[in-house]
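In each ligand, atom 1 is the first atom listed, and ligand 1 is the first ligand listed.
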Amino acid sequence: MTKKAKASSLNIGSFAAMKAAGEKISMITAYDYAMGKCAVQAGIDLILIGDSLGMVVLGYDNTLQVSIEDMIHHSAAVRRGAPEAFIIIDMPFMSYHLSSIQAKENAARLLIGGGANAVKLEGGSASRVEAIKAIVDCEIPVCAHLGLTPQSVYKMGGYKVQGKSVADYEIIMAEALAVEAAGAFMLVLEGIPELLGRDISQSVKIPTIGIGAGRYTDGQVLVINDLLGQTDLRPKFVKTYSELNSEIIRALGEYNAEIKAGTFPAEEHVYYPITNIKDFEK
Ligand code: KIV
């Protein structure tokens, strides 16, 4: 890290200043106490409690089934591990689509229950822009999310790169300008060509955080399980920094084998081993 000492000192102004200074912003998802702690110790700038939770932790087929209760439960755990980190919590599918009142109520519930500093919601249509305005009007910072928006998986016909045609490029660019004008303080760009990621990042003043959006966004985010080698699918944009699942399986295999062989627990793992029973009897 450069000027700042730790994540605890960061706020929405810090991220704007980082963009202005050309300093890249690091974001990672986390879903529990232990990973919240690790993210802070690694010096990551901000933590996202993504609704990817549904797929990588809860085993759902997609993010649509994730509930507000799921999000609050996991966000609160991350907060306990990362008491001073800047945390963004995802608003689940259909928790902000029905009305401005619904969006405001659920944003407040997620923010307070999950101990987060900001909420994130997907999309840039007119009604999403209204939801952003309504939530910001309640003094709750909003991070927008455009491009490949996983809650639209059925509408998109799968998890496909967005913004490839000139017409789609223009729609996503217009949405980026609209969410900025609505008051979003940050914008996640997912699954778009590098050119569009670069052009949006140059066109908006708010920081952009890319995931599969190329090299020119103001920061990057990855799903922690992807980065740690804990997922089977390896999309092109993911860099796997560790093969943690292989290591977990190796360790569990060794544990299993030692139990079966009677070599675990060994004497050093035992309270008052029978070999020293006389000491205990004294
Ligand atoms: O849910 C999530 O993890 C996300 C990231 C992919 C940006 O929204």
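With a 4.0 Å cut-off on non-hydrogen atoms, L48 touches ligand 1 through its side chain and not its backbone. The part of T29 lying near ligand 1 is the side chain, judged by heavy-atom distances below 4.0 Å. Heavy atoms of D90 found under 4.0 angstrom from ligand 1 belong exclusively to the side chain.
Close approach of ligand 1 to G50 is summarised as follows: ligand atoms under 4.0 Å from at least one heavy atom of the residue are 1 (O), 2 (C), 3 (O). Near E190, meaning under 4.0 Å from any of its heavy atoms, are these atoms of ligand 1: 6 (C). Within ligand 1, the atoms closer than 4.0 Å to a non-hydrogen atom of I211 are 6 (C), numbered from 1 in the order shown.
Here Y96 pairs with Q151 under the side chain to side chain donor-acceptor pair (under 3.5 Å) rule; sequence neighbours left out.
Considering backbone and side-chain N/O atoms, K120 comes within less than 3.5 Å of an N/O atom of ligand 1. Backbone and side-chain nitrogen or oxygen atoms of D51 are examined, and one is located within less than 3.5 angstrom of a nitrogen or oxygen of ligand 1.
Side-chain contact check for V119 versus D90: every heavy-atom pair is 4.5 Å or farther apart.
For atom 3 (O) of ligand 1, the closest non-hydrogen atom on the protein side is S52 OG, 2.5 Å.
Inspection of the R79 and N117 side chains reveals an N or O donor paired with an N or O acceptor under 3.5 Å. With no hydrogens or angles considered, a side-chain donor-acceptor pair links T29 and Y31 at under 3.5 Å. There is no side-chain donor-acceptor pair under 3.5 Å between N225 and T231. No hydrogens or angles considered: nothing links the side chains of D218 and S201 as a donor-acceptor pair under 3.5 Å.
In this structure, Q162 contributes its side chain and K160 its backbone to a donor-acceptor pair below 3.5 Å.
Ligand 1 is never approached by M27 to a heavy-atom distance shorter than 4.0 Å.
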